[in-house]
2 protein chains.
Amino acid sequence: MAHRVTINDVAARSGVAISSVSSALNGRPGVSEATREKILAAAEELGFVPSVRGRSLAGKKTFSVGLVVHRDPDVLELDPFFGGFIGGIESYIDERGFALVLQTSPGASEILERYRRLAAGRRVDGVFLNELEVDDARVPTVQDLGLPAVGIGADDAFPLPSVRQDHRPGIDALVEHLTELGHTHFAFVGGPPRFVHSRQRELAWRESLTARGITPGPVVDGGFTYEGGIAAANALLANRTRPTAVICANDLSAMGFIAQAQHHGFDVPGDLSVAGYDGIQLGSYLRPTLTTIQTSPNQIGFEAARLLLQAIDGEPTVDVNVPAAELVIRHSTGPVPSSN
Amino acid sequence: MAHRVTINDVAARSGVAISSVSSALNGRPGVSEATREKILAAAEELGFVPSVRGRSLAGKKTFSVGLVVHRDPDVLELDPFFGGFIGGIESYIDERGFALVLQTSPGASEILERYRRLAAGRRVDGVFLNELEVDDARVPTVQDLGLPAVGIGADDAFPLPSVRQDHRPGIDALVEHLTELGHTHFAFVGGPPRFVHSRQRELAWRESLTARGITPGPVVDGGFTYEGGIAAANALLANRTRPTAVICANDLSAMGFIAQAQHHGFDVPGDLSVAGYDGIQLGSYLRPTLTTIQTSPNQIGFEAARLLLQAIDGEPTVDVNVPAAELVIRHSTGPVPSSN
DNA sequence: TTGAAAGCGATACCAC
DNA sequence: GTGGTATCGCTTTCAA
């Protein structure tokens, strides 16, 4: 391979000092327009691409940001969030010369260690904190490490910059949709309560119902998984007084729930309306297609990246609220059965 | 944040020169056991973590490898391969101090540019070449750039190190399974023909049939997508002489195919047996559950990472064949309909 | 075996 | 407006 083109080559080629080349290429003042053009031409001609290695040592930035996916790699397969989220991050950072370092961490215990190593080795300039838990241990960790971080879907009191997408309007619209169809018996299939967004979704469901004078029905944990949805269906459909409208905290558990309800001989939505949350593509492939609330992982990723790069540059940040998730009515919800 | 601990601190603490510290910490010879231990103790005590920045500048390695996902971020959501693949990569490189840089590239035209920039900026030490195409333009690109690379699922003549998983045994077992059930009319729903693995799977199907004296039936392109599977079903089921056994090049198109077949009033597997390829988790959630061929993205990722790091270190590599993908019989395949 | 010093490729400061 | 030069944190000769 040909010898790499360095800043020295550009300097020699254009007959100036490397400091001028650096200034010119980075658009800093202190270079005459004439020399700037000369330098730009030389750089172009030589095909100069600044070495990230050199830049990071000198500039004390690595030009990369980290995302630790704290789950089994297998689960990543089924999680609809990451694809869009990563895409959103990329579309912002890429133009700014940053790259995304992705790590996966099987066990929860190892996560903090991952963050610590990322920070200690100064491998990344900042990290995303997704799937926040209540009293998330990562928060004090990054604070101690002085590692810039942005939270995703945090509660209001969150001490770091964060990006949110309101659950309320979507769930409100869903509840309204179902009440208009005559439903009065609502159940909720939640996510693991340690997750902030599990609680937020359940709370939105609860408040939306009580605001309409409806008493919230049973809540069971669906664990955000297909299997959890199956278990939830077993639990909720065994009782004589079963709900007619079931809202699940994510699409995957809604899929499991519907499959199991059908297995028990219930027609969806004839006997039972079921809705999910997320808006995964598969929802439109199911039978019945899934009524859900469409989130915006791509946009969340984009805004989170923007905040993180601001935080890295030491600029003040303003939390972002992306437009609320919206109701998508498909065919898993319908009129309340008259026999009920 | 406290001042970063550098190699100088460790040297000062243990009363030796930084060069000795470097040697000791990297397990190189030329340090007495006594000083080595002294240095190790000091490093431990100070909590020294070498700066990747410094190491990479001096050592001319970045300690990171790149994966460019050349697709819409949306598609990443539905692709079952990447989760396991990335997990496999991680589990190898992580212990060796490497990190994975993930890039997404929406358009095919931009891909080469991404690789070029990764290489030019020396942001990564090597890259994975996945979803290889026939006459893939990335191959000459990385060769020109002198960028170490490992191909995934390449054909035999591939000029770079590569990891393969044989399609033949799995498809062979699937064909045997179906012939034992009495099927003689086989169709194939392929992937886009530009992909090497599309061709490999079709070829395996074709050869497996002819080896049994069965004439391969129609082949249509399912594009590896759900929608493609729908279109394929429309195409294949319109004819009077329709196949009774349909093998799809991936699970997603099999899902679309089955849904559309059902939509047309066919019972699967009563009227029609359908099988997929990949072994995605969702396959076991469908109705009927999906007979498929289980691939090993995790293992492929692991081996690919191993090869790539060898290549980066300039060591000779030997191509790897991970154990062949295996048939998983579920409920979308059954006896040939007697009326046919 | 140990230590001093020269890079690696940029940035940034400071004379000129 | 310029061009030296110290500097970042480490690896790697090369003397001592």
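Heavy atoms only: backbone and side chains are in, while hydrogens, waters and symmetry mates are out. The sequence lines fix the lettering, A, B, ..., with proteins before strands; numbering per chain opens at 1.
Under the side-chain hydrogen bond (donor to acceptor under 3.5 Å, both in side chains) criterion, B/Asn130 pairs with no residue at all, not counting sequence neighbours. Residues meeting the side-chain hydrogen bond (donor to acceptor under 3.5 Å, both in side chains) test with A/Glu133, sequence neighbours left out: A/Arg194. Under the ring-ring contact (aromatic ring centres under 6.0 Å, His included) criterion, A/Phe98 pairs with A/Phe63, sequence neighbours left out. When the side-chain contact (heavy atoms from CB on, under 4.5 Å) test is applied to B/Leu57, the partners found at least two apart in sequence or on another chain are A/Arg53, A/Leu57.
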Heavy-atom contacts, protein to nucleotides 11-16 of chain C, under 4.0 Å, summarised as B (base), S (sugar-phosphate only) or - (none) per nt, yield BB----
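Between the NZ atom of B/Lys61 and the P atom of C/dG9 there is a distance of 16 Å, given to the nearest Å. Between the CZ atom of A/Arg123 and the P atom of D/dC10 there is a distance of 14 Å, rounded to whole Å. Summarising the geometry, the separation between CG on A/Leu25 and P on C/dG9 is reported as 16 Å, rounded to the nearest angstrom. Taking atom NZ on B/Lys60 and atom P on D/dT13, their separation rounds to 10 Å, with Å as the unit. Remark: C1' of D/dC8 and CZ of A/Arg122 are 13 Å apart, rounded to the nearest angstrom. In this structure, CZ of A/Arg53 is placed 13 Å from C1' of C/dG7, rounded to the nearest angstrom. Atom CD in B/Glu33 sits roughly 13 Å away from atom C1' in C/dT1 (whole-Å rounding). Protein atom CG of A/Asp9 is 11 Å distant from nucleotide atom C1' of C/dG9, rounded to whole Å.
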Residues 11-20 of chain B, side-chain donor-acceptor partners within the protein, below 3.5 Å, at least two apart:
unit_1, atom_1, unit_2, atom_2, d
B/Arg13, NH2, B/Glu45, OE2, 2.2
B/Ser14, OG, B/Val10, O, 2.6

For residues 86-95 of chain B, which side-chain donor-acceptor pairs fall under 3.5 Å, sequence neighbours excluded?
unit_1, atom_1, unit_2, atom_2, d
B/Glu90, OE1, A/Thr104, N, 3.3
B/Glu90, OE1, A/Arg114, NH2, 3.2
B/Ser91, OG, B/Gly87, O, 3.4
B/Ser91, OG, B/Gly88, O, 2.9
B/Tyr92, OH, B/Arg96, NE, 3.3
B/Asp94, OD1, A/Arg114, NH2, 3.3

Less than 3.5 Å apart, which donor and acceptor atoms pair up between the side chains of residues 29-37 of chain B and the rest of the protein, not counting sequence neighbours?
unit_1, atom_1, unit_2, atom_2, d
B/Ser32, OG, B/Thr35, N, 3.3
B/Ser32, OG, B/Thr35, OG1, 2.7
B/Thr35, OG1, B/Ser32, N, 3.4
B/Thr35, OG1, B/Ser32, O, 2.9
B/Arg36, NH1, B/Ala24, O, 3.1
B/Arg36, NH2, B/Arg28, O, 3.0

Show the atom names and distances, to 0.1 Å, of all donor-acceptor pairs under 3.5 Å that link a side chain in residues 157-166 of chain B to residues at least two apart or in another chain.
unit_1, atom_1, unit_2, atom_2, d
B/Ser162, OG, B/Arg164, NH1, 3.1
B/Ser162, OG, B/Arg164, NH2, 3.2
B/Ser162, OG, B/Asp319, OD2, 3.3
B/Arg164, NE, B/Ala154, O, 3.0
B/Arg164, NH1, B/Asp319, OD2, 3.1
B/Arg164, NH2, B/Asp155, O, 2.9
B/Gln165, OE1, B/Ser296, N, 3.1
B/Gln165, NE2, B/Ser296, OG, 2.9
B/Gln165, NE2, B/Pro323, O, 2.8
B/Asp166, OD1, B/Arg168, N, 3.1

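Of the residues in residues 35-47 of chain A, none has a non-hydrogen atom less than 4.0 angstrom from any atom of DNA chain C.
At a threshold of 4.5 Å between non-hydrogen side-chain atoms, the residues A/Leu309 and A/Val65 count as touching.
Within the structure, the side-chain hydrogen bond (donor to acceptor under 3.5 Å, both in side chains) test picks out the following pairs touching residues 302-317 of chain B (sequence neighbours left out): B/Lys61-B/Asp313, B/Glu303-B/Arg306.
A/Phe48 comes within contact range of the sugar-phosphate backbone alone, with a heavy-atom separation under 4.0 Å but no base atom that close. Across all strands shown, A/Val52 has no heavy atoms under 4.0 Å from either base or sugar-phosphate atoms.
Between B/His197 and B/Phe195, the ring-plane angle classifies as tilted under the 30° and 60° cut-offs.
Between its two ends, the helix from C/dT1-D/dA16 to C/dC16-D/dG1 turns its axis by 50°, counting five pairs per end and rounding to 10 degrees.
Sequence order on DNA chain C of the closest nucleotides to B/Gly15 and B/Leu57 puts B/Gly15 first from the 5' end.
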